Amino acid sequence: MSVGTADITNGSNYGSDIWRLLIVHRTELTYPDTVTTSYNEFRMQPSDEPGQAVLSSRMEIDPFEGVTSYLDYFGTRVASFDVHRAHRHLTVTATSTVETFPATAFGAGGYGAGTAHPDEMTWEQLVSSDCHDRYEEFLTPTHLTELNDELNGLSEQIRAQARNPSAAGREVCSLLKKSLKYEQGATGVHTSAVEAWTEKRGVCQDFSHLAIGMLRAMSIPTRYVSGYLHPDKDAEIGKTVIGQSHAWIEWFDGMWVPYDPTNASSPGHSHVVVGRGRDYRDVPPVKGVYAGPEASGNEVTVRVTRLR
């Protein structure tokens, strides 16, 4: 049984420079014995916002006993449901069609969007603005983003040399790209920024947590973004490929500026936003509790097809 919602947005004003992506994200949990009850939250449906438009989105849940959909505190779309009958597997498939547009001068969407500033903010403007009061939660270190003395020292050096906050953001991401090796499976979702820095390797959430920690140390509001990434910037239309759940960041310099620290570049057509938070723990694709044995299988696949 499926539950679906659909939003139709006309993107014709953007001309031909549009990507249309079909994203199928499937998660299957299996258990060695019966689970009697489970409570679940899934964050797997893209956000409808400046820079991208959701044409359709639906969730298929098995076993299905109803679902509630809402936006959480940070504006991320959540599918919440309980299962109160015996089951030995739980499968959730999110199927979405999204159009991504060229970068605009209006910055990123989500909470706090619409405060566009025509120029990059200076350090003095950042200090004199009220953004520290508005975005305190994006300035406070979390367990996953707090730094050690070495990282704090590097942040101070970059802060002293960067002409403005956005230059500092790009410099931090450049440093991480040079210093860390991207290695799938090298870390887990509970790995902290300091642990990844010590190992000098990690995946997208580690690059993002490190960048967030260093920019917050410079008093630049910075938030975590979760989403999807088509692995090919020159994607062939009609070809289905294995995609990725991905993470990047947004810092505030008068508007929210998106940047991908794993690739040390600005997000483009191949990036699709799902949600935002202080760190990974605010936007995991799957979160829940259940009564039963430890899951024996957790199969996750993301398939992406460029349709346009």
Side-chain angles (χ1 to χ4, degrees), residues 1-7 21-47 54-72 74 76-98 144 183-191 203-206 224 226-231 239-247 272-275 277 279-305 307:
M1 185 171 292
S2 65
V3 173
T5 59
D7 297 309
L21 297 169
L22 172 65
I23 303 167
V24 181
H25 184 174
R26 182 177 184 274
T27 295
E28 181 176 14
L29 300 171
T30 55
Y31 312 99
D33 204 345
T34 301
V35 169
T36 55
T37 303
S38 67
Y39 304 86
N40 310 277
E41 287 184 356
F42 282 74
R43 290 169 171 81
M44 295 163 52
Q45 294 176 284
S47 170
V54 179
L55 303 186
S56 66
S57 182
R58 73 173 188 274
M59 297 280 286
E60 297 170 89
I61 302 167
D62 180 28
F64 179 78
E65 292 191 347
V67 64
T68 299
S69 182
Y70 64 93
L71 299 180
D72 68 15
F74 297 107
T76 304
R77 192 173 180 179
V78 182
S80 176
F81 60 92
D82 306 340
V83 180
H84 297 289
R85 58 185 161 114
H87 58 283
R88 295 185 65 167
H89 79 279
L90 175 63
T91 304
V92 177
T93 304
T95 303
S96 304
T97 303
V98 185
L144 294 177
E183 187 174 329
Q184 195 75 38
T187 57
V189 296
H190 302 297
T191 301
V203 294
C204 55
Q205 72 253 27
D206 302 306
Y224 184 98
S226 72
Y228 299 110
L229 177 68
H230 193 301
K239 182 179 180 180
T240 299
V241 300
I242 301 299
Q244 303 169 12
S245 291
H246 195 53
V272 175
V273 175
V274 170
D279 61 27
Y280 170 83
R281 292 183 298 183
D282 284 334
V283 280
V286 180
K287 182 164 66 176
V289 295
Y290 64 91
E294 184 175 354
S296 56
N298 183 0
E299 182 178 339
V300 179
T301 59
V302 178
R303 299 184 185 280
V304 185
T305 308
L307 303 177

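Index from 1, following the sequence. The model shown is predicted, which means the values in this text are computed figures rather than measured ones.
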Subject >> Listed partners of H25 passing ring pair (Phe, Tyr, Trp, His ring centres under 6.0 Å), at least two apart >> reply: Y228
Subject >> All side-chain hydrogen bond (donor to acceptor under 3.5 Å, both in side chains) counterparts of T97, not counting sequence neighbours >> reply: S56
Subject >> Closest non-hydrogen atom pair between V67 and A79, with its separation >> reply: CG2-CB, 4.0 Å
Original post:
Of all heavy-atom pairs between G277 and V283, which one has the smallest distance, and what is that distance?
Top reply: N-CG1, 4.3 Å
Original post:
Atom CZ in F74, atom OG in S226: separation rounded to 0.5 Å?
Top reply: 12.0 Å
**OP:** Measure across R43 and P284 and return the closest heavy-atom pair with its distance rounded to 0.1 Å.
**Re:** CB-O, 3.6 Å
**OP:** Just jot down the side-chain hydrogen bond (donor to acceptor under 3.5 Å, both in side chains) partners of T305, sequence neighbours excluded, or say none.
**Re:** T240
Original post:
Are the side chains of V286 and N40 in touch, meaning some heavy atoms are under 4.5 Å apart?
Top reply: no
Original post:
Do Y39 and H84 touch side chain to side chain, with heavy atoms closer than 4.5 Å?
Top reply: yes
**OP:** Using the side-chain contact (heavy atoms from CB on, under 4.5 Å) rule, pick out the option among T95, I242, L22 that qualifies with R303.
**Re:** I242
Original post:
Between S69 and R77, is a side-chain contact (heavy atoms from CB on, under 4.5 Å) present by the stated rule, with each step listed?
Top reply: CA-CA 7 Å; S69 182; R77 192 173 180 179; 3.9 Å; yes
Original post:
Taking C-beta and beyond as the side chain, do P285 and T27 meet within less than 4.5 Å on heavy atoms?
Top reply: no
Subject >> Side-chain donor-acceptor pair present, D62, H87, cut-off under 3.5 Å >> reply: no
**OP:** For ring-ring contact (aromatic ring centres under 6.0 Å, His included), just list the numbers for F42 and F81, CA-CA rounded to whole Å, side-chain angles, deciding distance to a tenth of an Å, and then say yes or no.
**Re:** CA-CA 9 Å; F42 282 74; F81 60 92; 5.5 Å; yes
Original post:
Do you know which two heavy atoms are closest between F64 and I61, and how far apart they sit?
Top reply: CB-O, 3.2 Å
Original post:
What heavy-atom pair brings S245 and C204 nearest, and what distance separates the two atoms?
Top reply: O-SG, 4.2 Å
Subject >> For E41, the option from T68, D72, V78 that meets side-chain contact (heavy atoms from CB on, under 4.5 Å) >> reply: V78
Original post:
Considering all heavy atoms of both residues, which atom of R281 and which atom of L144 are nearest to each other, and what is their separation?
Top reply: CG-CD1, 3.8 Å
Original post:
E299: what forms a side-chain hydrogen bond (donor to acceptor under 3.5 Å, both in side chains) with it, not counting sequence neighbours?
Top reply: none
Original post:
Do Y224 and D282 come within less than 4.5 Å of each other through their side chains, counting heavy atoms only?
Top reply: no
Original post:
Got a sec, which pairs hit salt bridge (Lys or Arg N to Asp or Glu O under 4.0 Å) with one end in residues 82-92, sequence neighbours left out?
Top reply: E65-R85
Which pairs of donor and acceptor atoms, one on a side chain in residues 289-297, lie under 3.5 Å apart (sequence neighbours left out)?
residue	atom	partner	partner atom	Å
Y290	OH	P293	O	3.0
Y290	OH	A295	N	3.0
S296	OG	T30	O	3.4

